[in-house]
Amino acid sequence: MRTQSSATTPTTIAVGTAAPAAATTPRASAGLVQAALGVTAFSLTFPGTAWALEGFGPWALVALRSVLAAVIAGVCLLALRIPVPARAHWAGLAVVAAGVVVGFPLLTTLALQTSTTAHAAVVVGLLPLTTALWSALRVGSRPSRTFWLAAFAGAAAVVAFTVQQSGGALTTADAYLFAALLVCAAGYTEGGRLAKVMPGWQVIGWALVFCLPLAVPAAAVALAYQPAELTAHSVAGLLWLAAGSQFLGLVVWYRGMAAIGIPKASQLQLAQPLLTLVWSVLLLGEHLTVAAPLTAAAVLVCIAVTQRARG
């Protein structure tokens, strides 16, 4: 079995790399569209989860979405004859799998049993900041004072929102969401490191495939204890989570970042929590409180400041 050399040319670029100078080229325009499609796919994750929970238990849902996404990723990797990553990268892929494939989907799914998608979207809007903090600890970078002030301001806004929404105390759902931020940030950070030595879509693809031996028996056991009730919503939600959120969304997102650069792509991602709020109203019929869009906008401003401070 061949292994992938660390000299493989990456399709993504490292954090902090300047955006391509020719911002008006056809490649840059296509990259902008691809990055926007990725953000749109991610913004539908929570509504898709809410739909899927109508017919699947949380454990069965997470296992099934992982199995289906791994099958899609495996077919793509086989069709393109992508070699297995070098053993030196397996530990990093395990962190990506634990954080992005298992941890974040499971914790947010458990949270959405009792939380609205709008509430979850605001809390998880802290993910870019959490990832930046985790990256600073992992890599040892030293962001500016402005960066840290904006990061903590965004965190304070979300904590205040969650406490206000829950009547003065954090709920179990909030605990799940904050834990999801930590594990996903770890997975994103390690994935960003691996994306320097292999194409980004292969990082998530191999992480999914490596989880398959555990996901299949987990799905069988979960379905035995949580039988599925197939409905149009639950099936559509499951298929979207597996194909759209967990794999294809990441493919176009990474390709978009490679074309336009992370600084510009990150500005598009600022719209993700606000898009999720829109979907929560249109697809789920949720009623937003005034605090939700205001807090999401405040977090957006804080993230924008951190991006400028880092750039």
Side-chain angles (χ1 to χ4, degrees), residues 1-18 38 62-63 65-67 69-107 127-128 130-143 179-218 245-259 261-263 265-266 310:
M1 179 179 294
R2 294 182 298 163
T3 59
Q4 182 166 305
S5 169
S6 61
T8 302
T9 301
T11 57
T12 61
I13 56 180
V15 175
T17 301
V62 172
R65 71 180 276 185
S66 179
V67 169
V71 170
I72 296 171
V75 169
C76 293
L77 291 168
L78 284 174
L80 296 174
R81 298 184 179 182
I82 304 299
V84 176
R87 287 182 178 272
H89 304 319
W90 288 12
L93 287 171
V95 175
V96 175
V100 179
V101 178
V102 179
F104 185 80
L106 177 60
L107 291 167
L127 184 55
T130 310
T131 303
L133 294 171
W134 193 279
S135 179
L137 294 174
R138 175 73 170 84
V139 181
S141 60
R142 297 184 177 181
L181 287 173
L182 295 178
V183 298
C184 190
Y188 276 2
T189 299
E190 201 63 25
R193 187 186 66 81
L194 288 172
K196 298 177 183 179
V197 295
M198 70 176 74
W201 75 270
Q202 292 180 27
V203 174
I204 187 62
W206 285 116
L208 285 165
V209 170
F210 284 3
C211 283
L212 195 56
L214 296 176
V216 171
S245 298
Q246 194 108 38
F247 184 66
L248 296 179
L250 285 165
V251 170
V252 294
W253 172 245
Y254 279 124
R255 287 177 65 87
M257 283 198 297
I262 285 180
S266 65
R310 285 197 298 172

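Here the structure is a predicted model, which means the values were calculated and not measured.
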Test side chain to side chain contact (heavy atoms under 4.5 Å, CB included) applied to [X] - qualifying residues, sequence neighbours left out:
| X | answer |
| --- | --- |
| L212 | V67, A70, V216 |
| L78 | none |
| T130 | L126, L181, L182, A185 |
| L106 | W59, V62, L110 |

(request) For Q246, enumerate each residue passing the side chain to side chain donor-acceptor pair (under 3.5 Å) test, keeping only those at least two apart in sequence or located in another chain. (result) R65

(message) Applying side chain to side chain contact (heavy atoms under 4.5 Å, CB included) to I204 and V101, what does each step give before you reach the verdict?
(response) CA-CA 8 Å; I204 187 62; V101 178; 4.1 Å; yes

(request) Indicate yes or no for a side-chain donor-acceptor contact from W206 to the backbone of L77 under 3.5 Å, with no hydrogens or angles considered. (result) no

(request) Measure the CG-CE distance between L93 and M198 for me, rounded to the nearest 0.5 Å. (result) 5.0 Å

(message) Nearest 0.5 Å, please: how far is SG in C76 from CH2 in W201?
(response) 6.0 Å

Give me the atom names and distance for the closest heavy-atom approach of [X] to [Y].
| X | Y | answer |
| --- | --- | --- |
| C184 | V100 | O-CG2, 4.4 Å |
| C211 | V102 | SG-CG2, 4.2 Å |
| A215 | S66 | CB-OG, 3.8 Å |
| L208 | A73 | CD1-CB, 4.1 Å |
| A207 | V96 | CB-CG1, 3.9 Å |
| G205 | F247 | CA-CE1, 4.3 Å |

(message) Applying side chain to side chain contact (heavy atoms under 4.5 Å, CB included) to W90 and V84, what does each step give before you reach the verdict?
(response) CA-CA 10 Å; W90 288 12; V84 176; 4.1 Å; yes

(request) Check whether any side-chain heavy atom of V95 lies under 4.5 Å from a side-chain heavy atom of Y188, and answer yes or no. (result) no

